[in-house]
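What follows is a set of notes on a single structure, which appears directly below.
Indexing begins at 1, ligand by ligand and atom by atom, following the structure's order.
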Amino acid sequence: MPAPAASAAAHDWRDGVVYQIYPRSFADHDGDGTGDLPGIIDHLDHFGPDRLPIEAIWLSPIYPSPGRDLGYDVSDHTTVDPLLGTDQDFDRLVAGCHGRGIKVILDLVMNHTSDEHPWFLASKASREGPYADFYLWRDPSGWEENGTPLPPNNWVSFFGGPGWEWVPGRGQFYYHTFLVQQPELNWRNPAVEAAQWDMVRGWLDRGVDGFRLDVFNAYLKDPELRSNPVIEGNSPWARQDHRYDIDQPDFPELIERFRAIVDERPGRMTIGELFSRETELAAKYARDWHIVFDWSLMESRWTAAAYAASIDRRERSFGPDLWPTVALSNHDRERQATRLSASVGRDREPDRDAIAKAAAVVILGLRGTPFLYYGEEIGMVDVDIPRDEIVDPPALRAGPDFPWYDRSRCRTPMQWSSGPGAGFTTGRPWLRLGPDAADRNVESEVPDPDSVFGCYRRVLAFRATSAALRRGGMTRLESGAADVLAWTREAAAERLLVLVSFVGETRTVDLAGIAPGTSWTPRVGTRREPSAPSDHGRLELAPDEAVILESVER
Ligand code: TEU
């Protein structure tokens with residue numbers, strides 16, 4: 001790694017696991033059916049040293065929001081949504097986390113606001129005044145014969161439908177990448193940037209340890225707002241080459257300016273959410289202390305070949321000097337137990353749990369900062385949501401020309417216990433509970449070393465003691481066995497070998513063939529007693545087994 005910035009503490013936050021909390025769904029303290037900040041405070045022991053020792057919690061947006069995009073449409077970035085609690089609750093949460101050595105990361109939604117944000121209300125009302133140019137307003141490109149205004153260019157919304165919305169009062173269109181209720185901010189207006197940095201400083205002053213930046217590579221648009229070239233694709237969004245509405249050439253300078261604000265305080269974390277698929281772009285936007293999601297692992301089928309290709313692409317793109325992230329799920333994508341198992345036609349028990357455990361070793365064993373979405377630690381699965389209960393707006397628009405994954409499926413309440421409301425709420429949950437909540441929950445999995453939780457706990461505990469796993473370099477090896485992936489992690493004298501089987505069958509690995517002259521001893525894995533190599537260096541992996549071995553002197 002390049003030398004850490006002077007501001008960085010000796011402890012490197014990139015070594016730790018980040019746990020993503022979707023606040024509406026984590027724990028409901030007041031019994032209104034929606035999760036809240038006091039609910040999170042109630043459950044901080046979940047992150048204790050003998051449970052899930054993590055570095056930080058990332059809170060999906062906690063700000064006041066009309067809720068059209070469930071918090072990603074923000075009407076005031078500086079305070080807490082009364083639905084989730086009060087500012088005092090937030091301060092208590094930060095203090096409670098800090099008391100346990102846990103950092104708090106906020107989700108900054110700076111690409112757009114809610115259409116109920118005071119900035120937008122002022123901007124919409126008049127072409128004069130301080131907020132007139134806070135959003136992407138443009139005149140029509142022309143008029144139809146019947147007097148209908150024509151949009152400024154061909155840009156569309158990622159959430160379906162046109163990207164431009166006509167406001168008769170102002171006599172102009174505004175642009176929105178997402179919902180019509182999420183107008184795009186005009187980052188080329190210096191007053192917008194200044195207002196955002198003020199807001200960022202305000203949260204830093206309140207003790208926040210870092211930020212996840214929502215769709216950060218969409219902030220800047222082409223200054224001339226040119227139309228995107230049209231290409232082939234399976235949705236209106238995919239039928240454009242997004243040359244002019246994302247990834248502008250001057251965007252990297254904007255990240256530098258943002259990071260400079262954050263660097264006014266030592267040791268703060270920042271993570272960019274890449275609103276594009278290319279791993280190479282994620283690497284391009286990564287900086288020493290600013291990491292970026294790349295989606296290659298999330299896009300891969302659960303096969304050794306697909307994971308090998310994604311891992312190699314990541315390592316090639318990031319190189320030894322940049323630090324990647326490892327994320328297999330989040331609030332926008334299928335839960336990993338569901339997606340990975342379904343990708344190879346094994347979407348049932350016991351296969352899903354077995355794959356969820358092997359995935360835990362992948363997440364915690366690859367080079368990069370691991371991100372763990374709430375519920376993954378107990379192997380939660382996607383929940384079937386009837387159409388009249390869908391709470392994800394674009395899902396209601398889905399159709400043949402607009403394929404959309406209903407994100408309600410992966411946002412169901414955390415399953416804490418087999419009691420009423422799954423221990424999540426004493427009221428009626430805002431989104432239905434998983435039908436497996438009585439059997440799959442924290443209370444039942446914590447004492448069970450053979451559960452998905454048992455696996456996470458074991459591997460996390462080992463990771464805490466292993467510099468090679470947290471920080472070491474990585475080399476992928478050919479395992480010599482079909483469907484088995486192998487890689488090493490090394491730091492100083494510590495050398496680890498990670499083996500992951502991607503099939504529900506036994507596989508034998510010839511360790512002597514992989515790394516001649518080295519003896520290996522198993523340290524931890526999906527099984528309580530990980531499989532051990534024979535004297536001849538042959539290791540028989542159980543179905544779906546993943547194991548981490550350490551080299552020992554002969
Ligand atoms: O998501 C942006 C988004 O849509 C991507 O995550 C997308 O799913 C991915 O690039 C597909 O490859 C963010 C938030 O995570 C999401 O919840 C919000 O709805 C959206 O921005 C708008 O704020």
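- Asn441 is linked by a side chain to side chain donor-acceptor pair (under 3.5 Å) to Ser444, counting only residues two or more places apart in sequence or in another chain.
- Of the N and O atoms on the side chains of Trp13 and Asp209, not one donor lies less than 3.5 Å from an acceptor on the other residue.
- Residues Trp119 and Tyr135 keep their aromatic ring centres 6.0 Å or farther apart.
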Where does ligand 1 get N/O contacts under 3.5 Å from the protein, atom by atom?
| from | atom 1 | to | atom 2 | distance (Å) |
| --- | --- | --- | --- | --- |
| ligand 1 | 1 (O) | Glu273 | OE2 | 3.3 |
| ligand 1 | 1 (O) | Asp332 | OD2 | 3.3 |
| ligand 1 | 6 (O) | Glu273 | OE2 | 2.7 |
| ligand 1 | 6 (O) | Asp332 | OD2 | 3.1 |
| ligand 1 | 12 (O) | Arg277 | NH1 | 3.2 |
| ligand 1 | 15 (O) | Arg212 | NH2 | 3.1 |
| ligand 1 | 15 (O) | His331 | NE2 | 2.9 |
| ligand 1 | 15 (O) | Asp332 | OD2 | 2.5 |
| ligand 1 | 17 (O) | His331 | NE2 | 2.9 |
| ligand 1 | 17 (O) | Asp332 | OD1 | 2.8 |
| ligand 1 | 17 (O) | Arg407 | NH1 | 3.3 |
| ligand 1 | 19 (O) | Asp69 | OD1 | 3.3 |
| ligand 1 | 19 (O) | Asp69 | OD2 | 2.6 |
| ligand 1 | 19 (O) | Arg407 | NH1 | 3.0 |
| ligand 1 | 21 (O) | Asp214 | OD1 | 3.0 |
| ligand 1 | 21 (O) | Asp214 | OD2 | 3.1 |
| ligand 1 | 23 (O) | His112 | NE2 | 3.0 |
| ligand 1 | 23 (O) | Asp214 | OD2 | 2.8 |

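- Judged by distance alone, the side chains of Thr279 and Ser317 never bring a donor and an acceptor atom under 3.5 Å apart.
- The closest side-chain donor-acceptor pair between Asn153 and Trp164 falls under 3.5 angstrom.
- When only modelled atom types and interatomic distance are considered, His331 and Tyr72 share a side-chain donor-acceptor pair under 3.5 Å.
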